[in-house]
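Please read the structure below before turning to the comments.
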Amino acid sequence: MGLDCYIVHGNDRDKPFTHEDDERIKDVRLCGGLFSGYGRDGSFRGKVYEPIIRQLSEGKHTWYIDQVEDNFIPSDVLKEQADLLSGFIIDITDEHDNKLKDTDIVHTSRDGEEYTLKEVQDLETLLRVAAERKAVMTVWY
């Protein structure tokens, strides 16, 4: 089963959070899902990226939340997740003497998950911008 994630406005959950809300996410490019987009429209295939969040948070955070009405991931939690990704990016680039290119593959989990450096950076950007703008994330699976 999939997991589509949707960043939406905190005060209007029917309104997607897009690059029109903040230019910093204009060039975000994440894996899209069956119904979700590629990041710049605030939605993406969460199943691909949930493992890195779960691993970096040592299991504290998951995007598989109960499917009950009005259940969402609040902006303060999105900020925590962006901070975890930021720390990972710093660690991995330092480990490679700052010689990684955007297209280089980085291994992030003991489960063998792989992402490009740009994917991780784009996810961090999307979550950070959403948190700063008090957006929230809803999920569907």
Applying side chain to side chain contact (heavy atoms under 4.5 Å, CB included) to Lys134 and not counting sequence neighbours gives Ser75
Only pairs under 3.5 Å count here: list side-chain donor-acceptor contacts from residues 22-40, not counting sequence neighbours, and write none if there are none.
{"residue": "Asp22", "atom": "OD1", "partner": "Arg24", "partner atom": "N", "Å": "3.0"}
{"residue": "Asp22", "atom": "OD1", "partner": "Arg24", "partner atom": "NE", "Å": "3.0"}
{"residue": "Asp22", "atom": "OD2", "partner": "Arg24", "partner atom": "NH2", "Å": "2.9"}
{"residue": "Asp22", "atom": "OD2", "partner": "Arg133", "partner atom": "NH1", "Å": "3.3"}
{"residue": "Arg24", "atom": "NH1", "partner": "Glu132", "partner atom": "OE1", "Å": "2.8"}
{"residue": "Arg24", "atom": "NH2", "partner": "Glu132", "partner atom": "OE1", "Å": "2.8"}
{"residue": "Ser36", "atom": "OG", "partner": "Asp4", "partner atom": "OD1", "Å": "3.1"}
{"residue": "Ser36", "atom": "OG", "partner": "Gly33", "partner atom": "N", "Å": "2.9"}
{"residue": "Ser36", "atom": "OG", "partner": "Phe44", "partner atom": "O", "Å": "3.3"}
{"residue": "Arg40", "atom": "NE", "partner": "Lys26", "partner atom": "O", "Å": "3.1"}
{"residue": "Arg40", "atom": "NH2", "partner": "His19", "partner atom": "NE2", "Å": "3.1"}

Measuring only between side-chain heavy atoms, which start at C-beta, is Phe17 closer than 4.5 Å to Val129?
yes
**Item:** Geometric class of the Tyr64/Tyr141 ring pair [parallel <30°, tilted 30-60°, perpendicular >60°]
**Value:** perpendicular
Name each donor-acceptor pair under 3.5 Å that joins a side chain in residues 84-100 to protein atoms two or more places apart or in another chain, with its distance.
{"residue": "Thr93", "atom": "OG1", "partner": "Ile89", "partner atom": "O", "Å": "2.8"}
{"residue": "Thr93", "atom": "OG1", "partner": "Ile90", "partner atom": "O", "Å": "3.1"}
{"residue": "His96", "atom": "ND1", "partner": "Ile92", "partner atom": "O", "Å": "3.0"}

Rounded to the nearest 0.5 Å, the CG atom of Leu123 sits from the CD atom of Gln81 at a distance of 8.5 Å
key: Test item: Asp12 side-chain N/O and His9 main-chain N/O as donor-acceptor pair under 3.5 Å   = no
With side chains defined as the heavy atoms from C-beta onward, is the minimum distance between Lys79 and Asp76 less than 4.5 Å? no
Scanning both residues in full, the closest heavy-atom pair of Pro74 with Val136 reads CA-CG1, 4.1 Å
| Can you find a heavy atom in the side chain of Glu119 that is under 4.5 Å from one in the side chain of Asp102? | no
- Item | Donor + acceptor pair across side chains of Glu50, Thr62 (<3.5 Å) | yes
Note: Asp104 and Lys101 closest approach over all heavy atoms is OD2-N, 2.8 Å
- Tell me, with the steps shown, if Lys15 and Val8 meet side chain to side chain contact (heavy atoms under 4.5 Å, CB included). CA-CA 6 Å; Lys15 185 178 180 187; Val8 295; over 6 Å; no
query = Under a 4.5 Å side-chain heavy-atom rule over Ile, Leu, Val, Met, Phe, Trp and Tyr, are Ile65 and Leu126 clustered together?
reply = yes
Do Leu78 and Met137 touch side chain to side chain, with heavy atoms closer than 4.5 Å? yes
query = Do the non-hydrogen side-chain atoms of Ile53 and Pro51 ever get within less than 4.5 Å of each other?
reply = no
Between Val139 and Cys5, the two heavy atoms sitting closest are CG1-SG, 3.9 Å
Answer yes or no: is there an ion pair linking Arg128 with Asp83, defined by an N-O contact shorter than 4.0 Å? yes
Value for OH (Tyr115) from CG (Asp122), rounded to nearest 0.5 Å, stands at 13.5 Å
Would you say Leu3 and Trp63 make side-chain contact, with heavy atoms under 4.5 Å? yes
Q | Val120 and Ile52, any side-chain heavy atoms less than 4.5 Å apart | A | yes
Looking just at side-chain N and O atoms, do His61 and Glu80 make a donor-acceptor pair shorter than 3.5 Å? yes
